[in-house]
Amino acid sequence: MPDRAPQQVDRQLPTDEARDLISLVRDIAQREIAPEAAEGEDAGHFPREVFGLLSESGLLGLPYDSEYGGGDQPYEVYLQALEELAAARLTVGLGVSVHTLACHALAQYGTKEQQVEHLPAMLGGGLLGAYCLSEPSSGSDAASLRTKAVRDGDDWVITGTKAWITHGGIADFYTVMARTGGEGARGITAFLVPGDAEGLHAALPEKKMGMKGSPTAQVHFDGVRVSDERRIGDEGQGFAIALSALDSGRLGIAACAVGVAQAALDEAVAYATGRQQFGRPIADFQGLRFMLADMATQIEAGRALYLAAARLRDAGRPFSKQAAMAKLLCTDAAMKVTTDAVQVLGGYGYTADFPVERYMREAKVLQIVEGTNQIQRMVIARHVAGPDSR
């Protein structure tokens, strides 16, 4: 079969600077990330050196203020960079999205003094973050979390367990939601916890279906002491901060999903145009051509939706509904497109000799993380039809 290079996505970018940025991201993705992706995932290797390179290149803080080491980029641009990274290797794309999520609380709700002290290292100093909201008994019902933070003079003592934490055990800092007051959403406060804090330790990483290079683990807080200077926002504001971060984080997941789907389509097209059956390429057969057409259409629709939501965010307009829609549509599309890519390759698609089986396994988790797609439907319905009357 001929070696067919994937076609570059025809991107709508607002500035020449943005076009140069995406070219840089694409170059790093193709030169430093993609060649090692399959082997790294098989070995369960987390590419910390890649995140160091991204930090040195100014790519770990793209949507944040340049005053603190960020890239001053609109979400419209940041998400397209994320898509390129995820297409090369989801462990990297999702890792950048999670790191961006972990920085959100401090960047948006921290005091000036906190931002000056911590953000430069978080955005451009080689640090890697994690976001701690879910717990073993509170996933979709995040407001019922049980991890506690108890005031002790000028400090807080945090005790509890967080679950499903991307970068658990390797992160340099954790943005942690903990209960400081009564039951429900209003009793939760946000904290910035250093990764080397005494009493903080991670369980062994989960054994997962896909994304084996990205560590996901429970993180235990056994009397972890942090100063009140590391409390982010007001007491009781933590759940609102968490929801604000998740609206933006869902757009990151949507962009990652489109990246994985695009990679799967590229592989399917390359195979279909090179594979000969009955004396001609299988891409000539109408049934398969229609599959490729549907795959391409779903990807374009997903990309358009996440960009529309990003532009609302960049304009300072409400975007929660559109973020949920983008996360829902893009991740469902990624699951469908990657499954179809396996079908296009037939028996070869089911083997590890081609990457589409990995894309399919990876796409599944995107329908689950940062709010399952059932939760996204609840969010969308609330915007469309109002609150549930029960």
Lys/Arg-Asp/Glu bridge criterion (N-O < 4.0 Å) met for D332, K336: no

When you measure from the side chain of R186 to the backbone N and O of G236, does any donor-acceptor pair fall under 3.5 Å? no

Donor + acceptor pair across side chains of D294, Q298 (<3.5 Å): no

Do W164 and I368 have side chains that approach each other closer than 4.5 Å (heavy atoms only, starting at C-beta)? no

Are L101 and V379 connected, step by step, through hydrophobic side chains (Ile, Leu, Val, Met, Phe, Trp, Tyr) whose heavy atoms are closer than 4.5 Å? no

Does the side chain of M360 come within less than 4.5 Å of V356's, by heavy atoms? no

With a cut-off of 6.0 Å (strictly less than), are more than 12 heavy atoms of other residues, nucleotides or ligands near NZ of K208? yes

Backbone N/O of Q114 and side chain of E229: donor-acceptor pair under 3.5 Å: no

Closer than 3.5 angstrom, by distance alone: can the side chain of T175 be matched with the main-chain N or O of A102 as a donor-acceptor pair? yes

Quick check against the 3.5 Å criterion: does Y64 have a side-chain atom that pairs as donor or acceptor with the backbone of H104? yes

Under 3.5 Å, side chain of R303 to main-chain N/O of L305, donor-acceptor pair present? no

Quick check against the 3.5 Å criterion: does D172 have a side-chain atom that pairs as donor or acceptor with the backbone of G195? no

Enclosure of R377 CZ (heavy-atom neighbours >12, cutoff 6.0 Å): yes

Between S214 (side chain only) and M211 (backbone N and O only), is there a donor and an acceptor less than 3.5 Å apart? no

Can you confirm whether E39 is buried at CD, in the sense that more than 12 heavy atoms of other residues, nucleotides or ligands lie under 6.0 Å from that atom? no

Give the ring-plane orientation class for F46 versus F51, where under 30° counts as parallel, over 60° as perpendicular and anything between as tilted. parallel

Has Y348 got more than 12 heavy atoms of other residues, nucleotides or ligands less than 6.0 Å from its OH? no

F221 vs T159 side-chain heavy atoms within contact, under 4.5 Å: no

Side-chain contact, heavy-atom cut-off 4.5 Å: R230 with P194? yes

Do the side-chain N and O atoms of Y359 and E267 include a donor-acceptor pair separated by under 3.5 angstrom? no

L54 side chain near L85 side chain, heavy-atom distance below 4.5 Å: yes

Check the pair E83 / Y306 against side chain to side chain donor-acceptor pair (under 3.5 Å), numbers first and verdict last. CA-CA 11 Å; E83 183 190 327; Y306 88 62; 2.6 Å; yes

Flag, side chain of R358 to backbone of A352, donor-acceptor distance under 3.5 Å: no

Any side-chain heavy-atom pair from D284 and R289 closer than 4.5 angstrom? yes

Is the side chain of E135 donor-acceptor paired with the backbone N or O of T147 at a distance under 3.5 Å, no angle test? yes

Would you say the side-chain atoms of R89 pair up with the backbone N or O of A29, donor to acceptor, closer than 3.5 Å? no

Once rounded to the nearest 0.5 Å, what's the spacing between atom CE of M325 and atom NZ of K321? 5.0 Å

So, using side-chain hydrogen bond (donor to acceptor under 3.5 Å, both in side chains) as the criterion, who are the partners of T339 when residues are at least two apart? none

Which pairs would a plain distance check flag for residues 307-319, meaning a side-chain donor or acceptor within less than 3.5 Å of a matching protein atom at least two apart in sequence or in another chain?
unit_1, atom_1, unit_2, atom_2, d
R311, NE, E76, OE2, 3.1
R311, NH2, E76, OE2, 3.0
R313, NE, S248, OG, 2.9
R313, NH2, S248, OG, 3.3
D314, OD1, Y75, N, 2.8
D314, OD2, Y75, N, 3.3
D314, OD2, E76, N, 3.1

Basic-acidic side-chain contact under 4.0 Å: E84, R26: yes

